[in-house]
Structure formats: structure tokens, C-alpha cells
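Quick one: this structure, given as C-alpha cells, is what I'll be asking you about.
A note on names: the letters A, B, ... follow the listed sequences, proteins ahead of strands, and every chain is numbered from 1.
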Amino acid sequence: VSAGRAARAFRVIGTRVPKLDAVEKVTGAVQYLPDLEVPGMAWGKILRTPVPHARIRRIDTRRAEALPGVLAVVTGRTVEQRPFGYARDHLALKPDVVRCIRDEVAAVAAETEAVAAEACRLIEVDYEELPAVFDPVAALRPGAPRIHAEFPGNLVNFSYRFSAGDVDGAFREADVVAEGTYTLNYVTTACLGTMAAIAAWDPRGNLTMWSTTQIPFLYQRDLAEALGISGDRVRVLQPPVGGNFGRGLDLYPIDIIAALLSRHAARPVKIVFDREEEFLASPTREPCVFTLRTAARADGTLLARDARVVIDNGAYVSWGSTTPYVMMTTLAGFYRCPNVRFDSAIVYTNNVYSGSMRGYGNLESTFAVEAQMDELAGRLGLDRLEIRRRNANRPGDVTPQGLRITTCALAECFDAVARDVARPLDRPARPGWRRGVGYAGMFHVGGGARVYRSDGCGAIVKLDDFGKVTLITGASEIGQGSETVLAMIVAEELGIPFGRVDVVNSDTAVKPWDVGVHASRTTFIAGNAALLAARDVRRQLLELAARELEEPPEALDVEDGHVFVGAAPARRVAYEKVVRAGHFREGGRILIGQAFYDPPTQMLDKDFRGNVSVTYGFAAQAALVEVEEATGKVEVLRVASAHDVGRALNPIGCEGQIEGGIHMGLGYCLSEELRLQDGRVLNPGFLDYKLLTAPDMPEILITLIETVDEAGPFGAKGLGEAGTIPISAAVANAVADATGVRVTELPMTPERVYRAIAAARSAGGGSTTRAVPPARATDPPTSEANPCD
Amino acid sequence: VSAPDRYPLELRVNGRPVRRAVPGSRTLLELLREDLRLTGTNLACDTGDCGACTVLVDGRPVTACLVLALDADGAEVTTVEGLAARWQAQSGAPPPTLHPVQQGFLDEGGAQCGFCTAGMVVAAAALLEANPAPSDAEIRAGLEGNLCRCTGYVKIVGAVQAAASRMRQARGPGR
């Protein structure tokens, strides 16, 4: 959608606008889902299995039912429910078999949360334990315990296989080949606000859900299906949510169980996960083992990549199983690489199951790709930035999958981070610590992502008789600032002060359809919808004002809440006056604009070819680290992060997304790991699952590069995930630069780094951990301007 | 002899007197959120690890999930809802002036999802009462017990610095 306003300077776009909901948040007035009380509300609690794989012999709920204050007890044997989830491969309450430690066996509704919890303790369940398997490689072996009867080899029946060009031929011709296997960890979104739901049925059989979902309309359909009712019976309300980051991209048992409890208790029922439950039973990022080979010519030109990923899917299919979709896009598209082969195995195990998490699939593949860019540079004696610039994507490129690169400032992003990371550091070198710098880049969908048949979003813009504008958008606010940037777009297009735009975005009974918050799509897709709807109402406004000003609509323009005559700006009329004239005149009209924006893109076909996004976002990051040789501790001192954002509509929001993304990516890289042993989560709390704290965070230097993409709203591209994606690769490359040792398993805990250093040392700098020659030994020092030197 | 179900409790919350009879096991956070319906303070871990429920007890920041309500007997408790009034009393600023920390978080983008914000602004207000001119490193160290999943803490540090300079200005030279 073209901006069409290039001639005039922006008044709202590009300014630093605080979030619309910030006042509520800083004063504590905000009402998150756990804060809400619905009249007559009861509390729900879920009983989970203590064993990861078992047949349920018997469930006895009599003692729970007899407890005063208990309103309803439900089990998989007492309720009607239908399979749900991405592959419809499980039921919310498990009637016969439990397959992972989070599995829901029974649930209670009671007058208070404490009574509900006590009643759960009184439910007796007899389990016949079954052999279990927790390692995907073991699960693929013949004779491994079978997790789903219908999948004898424990393979999820999704095939993500892609090939382009002559991969074997390219490897034969290559001057150098990098090889590696990368083991990537279980992490979880660890939102500060846990998953929660309130379900309330009315006497006519309509269900109202207050939910932490980020896909309200798909959720409406999926929840109805799981409950065996029609979608029109379900209304979804989305109160402010304490983070999501992909957690709410699927339907999960909490929502179905809340609805079942409410139906059986004939009362509204609220379920709020406690922290331990959040760590057990909210979706994780998928752990995976990534094997990659990269072939290049002596000048560094990439020839081919050959990759295989094995994903631990856990017990059921949610979005984690679909991450190869994104992984292959990076493998086949990030940096120019003509010959590509990608294969995957997605394996059922008795572990907790994975969903989507910010940047999904792309962190994993970028980690492998960028490790090998450094390895190739080292082997070829090339500058690490030079090999990246040489292979960088450029405008006009078409990737082997058919992704069409339009605007692309990848090379400029590398220039910016090389400059910023080399700024003087006012911190002396410490004895026993070695400094290093690492680089990594990324590309990601930036103009929506057609992962469903629709990638659309609707918007309605209403002008009222006080001159106030209401944007009713399908897009969901999950803390990322979408409502603020959408209001800015409307204010800019309508020529109205930002403070006069309100946003309604949290009720499926009111807002138009949207496919959901994912793939960094909201600013681009919902932004285009809002822009088109604003343009629609602007046209109507000018038509109506034409009568007031006695000039044709083409002669009119808008600014600061007034319609004015272009040739005589003093002749003007306020919006509210125009709108009132519409309301109070015979043959009157209301001023409502609307639009549905669904981008001109394609789903990947059966061969995984198609242009899934209108445009793509690019970024580069550089990390400056210190590694303590005696302990293996890695400290990140500085991160430079440069992003091709198309246009920075709200720079404060852009920076916030990047800074938060770096925090999440650094946690993945350095400290976060959901530790499972025999399917049990060993660290279900913030004391042992280590989010980085304020003192842990490095200095962050951000550059926003504006390529003004003609397809984006005022030129913007998606950004929400970009900060998360390359950082773990950049840090791993910096650690290799500092120590000469490449760590191929995340998180890079001191123990893991120490062992890698020690192993390399005992092998005489040898190959047990696949040591990479220190980059400084080979890189021309002038071009990298390494501040460690 | 069985212990009584409830014990008398008197304290002041955000400047107002509160008199209740509470079970011995009731936490200060439960008292605030459930009995007094002051839901601005959030429950995020219930184990004192995240700082989301930070409130001031007699001016000192505590995680309300780890404090028994009865241990606050006789105390003056300030929650996020009372922070603006606390500043107005300290500075003479008229209502509805926000606490400079709140204004800083608002202006600088210190809140994204906002779930940590209540605890974060209360902790930062206490930090600035103790140290009116902190370095960035001192702010980071002072907020170490408050987890944020959205911001990477960058805008939070900026918000606290903005607040510090606003508070120094409000208090005038020599302070």
C-alpha cells in the first residue's frame, strides 16, 4: 500500500510516541485477566499426571466431589470433548493414556482457589506406567516405546523436505566445506503473566471466553470445534496480557477445560496458572539437533547447503513441529546460496510439547548458518564481514524457494554494526578474560507470512461527532505496542492529533477478522488495513465536507482535525462539524471506513516454493564479549543491532522490540534452559530457570535503516522478532573469536564453555570440539576494527 | 486449644487506615489483591523471585508474596496505586501528578506488556529515595530482583534516569 503522501512531512509517523496503554500500566489501573472478576465466578484447578507415560486404570473423584465448596469435577471419562490442537492429536482431558508430565487428567471447579486445589489432591488416579522415551533419536529406533498408536515409528507425519539445484555436485566442486552439528535447547516464553482463562456460558448456550490467546478468531473456531458447538456461540475477549511471544498461537487445554468446568458447574470459571504450572504446561520452543554442511568457493562465494534437523516434538503436535517451515527458508534464502537440500524428522517423545516462540525456527537455523560463515571465513583466510557482504542478499534477488527480495539493506546493516561495535569501550581488559567480537545477520518475513490460506486483517475507522476517531482493528495487542502504531497510522492519514484516536481491539463480537499475532506481521498487515480504512473514511469525510465548503472533494485536504480548501487554507471546517452535519441532516450518513488487507503472496506449495511474504526484513548484530578462561563464564559487554525496518513508524516501539528481542535471544544463548530429566521439568521456577536480569544485560547500540518499502504502511516492514534471531549466533561467534573454541550446544553455560576450552587445550588446540582458528589470526585487522586489540 | 482462625490486623495502605481480621497464612499480596482489590500489584511467581509484587513497607521495598499480612501490622504500605500520592506528599506537586518514576516509564517506553511494571516502578521509586543520583550500573543493580521479559531493561534504566533528573529538579538546588 503506497504511502501516497511523500510530498508532505509526517506529523505523527516517525515521532517517539509512548504506548496508548502506558498510563494504565504505570499506575496499576490496568486489569489483566487474573484481576478480573465475573459475577458468580468460581475457580478451576487442573490435576496433572505425575508420571510421563501411563495408562489410566481408574480415576476416583468421590472424595473430591464430597468436599464442601466443590462445584464440579470433570475427567476425560465424564465429559464430551473432541480432539484439538494443530494436528487434532489429543484431548484436553486425557481419558485413557497420559503421554507427558503436563497431561491433564481431571479438573475441579470450586468456590475458592484453595478448595479447588484441595479437591485435586483428593482425586485418586491409578496409573499403569508404560515404557517411555525422552530422546528423539532413541524414539526413532526400532522397538522404541510407541507414544501414539497411530504413529508406530514415533514420527510426526509432517514432511518438510526441500531441494534446489545440484547439491552433491556443488559439494564436489567446493574449495572448502564447513560441517557441524548444533544442539539447541528447550526454552520457554516465561511470560511474567501466566496463562489464564475465564469461561462463562449464558442460558442460551453462548460461551464467553476471557483468554490470553493471540489468535482470537482461529481460537474461536478451534475452541468451538473442541467443545462440539458452532463458532458463532463463542465470543472471545482479550484483556491486557502479561506477555505472549507466541505462547498464545494455538488452542491449549486450559481454555477447553475452563469451558467444560463452567458448563458442568453452571457458573463462570476462572483458571490462572501458577508459576510452576506455567513452566510445565505452557508451550516451549522446540529443542532440536541441527546438522549442516556448507560448501564455498575459495573467494567465499557460497555454493551449497545441506541440512537436516531432528526435532523433539514432545507428546503432541503444536506449532513446534512446524518450525522446519521457517528453518528451510533461512537455509535456502539467507545469503545467496543456489544449491540447497533440507530435510527434517519431527519426533514424538514423552517430553512436554513445543509450540511457537518468537522468531521460531529462525534462531535455530541462523545459529547453524552463521557458525559456518565464520568457519568458512577462517578456513579461507577471509574477513568475516567480507564473506558476509560478498554473499549478502540484494534487492531483486529471488531465493531458491521463490521468495522475492524487494527492499534489502543487509550489507548496510553489517556496516552499521561493524562501526558501532568498534566504538571505544571505557572498560579496561581484565586479566584472565579474553575479548572477542562476533557477527551474525538474519532475514525474516517482513510483509506478513502466508502460513494459513489467509494472511488478512480487517479494520474499521469511525469518525464521531466530537471529532474523535475510533480504530476497530482485528489485530491483538499483546504488549508489543501494536495499538499505538496502528493509531499513529490512522492519525497520520486522517490529519488528526494522535491523542484523538482510540483503539478497540479486544472483542471478537466487535472487531473485524484477523488471522492472529505472529510472524512480525501486525505493523505491516494490520497497519495496511488501518491505513486503507482511514483512507476510506477520509474520502467520505471530504465528500461530506464538500457540501459545507462548497468546493469539490478534490479541492480539499485535511490537517489537524480540520478539512480545508487546498487553495485557501483559511477556509476550513472542523471534523466534528462535518460529522454532525451528516447526522442531523435529512438523508444523513455516518462516517465509517473499512478495509480488509490480505497481501498478494502465496502459500508454499507441496515442493515448498512460493513467495510467502510481500517483503522481508533484514538485520545484523555484532556482539563484543569477554570470556573468563578459568571458569568459562561469558559476559556480553556490547551488542550492536542494525535493522532494515522499511520505515521506523514509532522509533520507541522499534527499539523496544529490538532490545527485548536481544534479551530473549541472549537468554537462549547464555542462561535459559528448561531442564528435563525423564520427562520431568527440573527447574519450574525463576530461581532455576534463569532469565537475564538488568545487570546481566550488555550495552545495546541500535541502528534503524529506512529502506521505505512501497508495500508497507508508510514504508514499514515487520520487526517484532528480528532482535531475537541472530544474537545467539553472534555471541557464539564472539566466543569463538575470543577463545578459538566453538561451542555448538546452547545455552553456553560456564561449564559448557569451560569444558570446550579444556578439551581444545588437552587436544593441543585440536579437534574434539572442532576448534576454529582465532579469527584475529587471519582477519585483516583494519577492516574489522576489533576493539579487543 | 486451637489457634484462632483469624487475627486482628491494622495498617495503613496508601495513606488510608485498614482494619481487618485475617488468617495467619494470608500474605500481604493476598490482602492487597483479594481483600482490598488493589490489583495493580501483580502475582507472577509467588516465591519472591521476580519482583512483580514489590510494594513499600514503611518505605522499604519488599516482595509482597513473601510477607505475611500480619507482619505488616502497624506498617505504612505503599503500592503502585499510592505511588503518585506519595510523590505529591513528598514534593508538594498537585494531583494528579504522577510519580516521576511513573512519568519516566510512560515517556521513555519502560512498559511493554506491563506485568512487571508495578513492581518495577515501586522498586525504582525506593531506589531513588535512597540514591537520588544513581549511575546506570547502580540502577541495574538496584533492579536486579525485578524481572522483565519485554524490554531488555534498556528503556527501564532510561526511565529511572529521567525520573532521577526530574526529582532532583523538583527538589531544587542543594538537594
Can you tell which part of B:Leu98 gets under 4.5 Å to a heavy atom of chain A, answering side chain, backbone, both or neither? side chain
Please state whether the side chain, the backbone, both or neither of A:Ala29 comes within less than 4.5 Å of a heavy atom of chain B. neither
Part of A:Pro34 within contact of chain B (heavy atom distance under 4.5 Å): both
Among A:Gly685, A:Gly193, A:Gly481, which residue has the highest count of heavy-atom pairs closer than 4.5 Å to chain B? A:Gly193
Quick check on B:Ala111 against chain A: is it the side chain, the backbone, both or neither that has a heavy atom closer than 4.5 Å? both
Side chain to side chain contact (heavy atoms under 4.5 Å, CB included) assessment of A:Lys25 paired with B:Leu106: CA-CA 8 Å; A:Lys25 286 174 175 175; B:Leu106 199 162; over 6 Å; no
Charged N to carboxylate O under 4.0 angstrom, B:Glu108 versus A:Arg16? no
Go through the steps to decide whether A:Leu192 and B:Asn42 satisfy the test side chain to side chain contact (heavy atoms under 4.5 Å, CB included), and finish with yes or no. CA-CA 9 Å; A:Leu192 265 281; B:Asn42 290 317; over 6 Å; no
Return the minimal non-hydrogen interatomic distance between B:Val121 and A:Val26, and the atom names on each side. CG2-O, 4.2 Å
Evaluation steps, side chain to side chain contact (heavy atoms under 4.5 Å, CB included), between B:Gln112 and A:Gln480: CA-CA 6 Å; B:Gln112 285 187 29; A:Gln480 83 281 45; 5.6 Å; no
For B:Tyr153, which atoms come within 4.5 Å of any heavy atom of chain A: side chain, backbone, both, or neither? side chain
Between B:Arg33 and A:Asp35 (salt bridge meaning N to carboxylate O under 4.0 Å), is one present in this structure? yes
Out of A:Val17, A:Leu687, A:Asp21, return the one with the most heavy atom pairs under 4.5 angstrom to chain B. A:Leu687
Test side chain to side chain contact (heavy atoms under 4.5 Å, CB included) applied to B:Val154 and A:Ile662, A:Ile700, A:Ile702, A:Ile658, the passing residue: A:Ile700
B:Glu81 and A:Thr27: side-chain donor and acceptor closer than 3.5 Å? no
Below 4.5 Å, heavy-atom pairs only: which of A:Glu37, A:Glu477, A:Glu699 has the largest tally toward chain B? A:Glu37
In terms of heavy-atom proximity below 4.5 Å to chain B, should A:Val23 be classed as side chain, backbone, both, or neither? both
Counting only heavy atoms not in B:Arg19 (residues, nucleotides, ligands), do more than 12 fall under 6.0 Å from its CZ? no
Assert top hit (heavy-atom pairs under 4.5 Å, partner chain B, pool A:Thr189, A:Leu666, A:Asn244, A:Val30) equals A:Thr189
Region of A:Phe245 in contact with chain B, defined by heavy-atom distances below 4.5 Å: side chain
Could you tell me whether B:Arg149 and A:Glu672 make a salt bridge, using a distance below 4.0 angstrom between a side-chain N and a carboxylate O? yes
Test side chain to side chain contact (heavy atoms under 4.5 Å, CB included) on B:Thr151 and A:Glu659 and set out the steps. CA-CA 6 Å; B:Thr151 65; A:Glu659 290 154 357; 5.9 Å; no
Heavy-atom count around B:Arg60 CZ within 6.0 Å, excluding the residue itself: above 12? no
Contact check, side chains of A:Phe686 and B:Leu147, non-hydrogen atoms, under 4.5 Å: yes
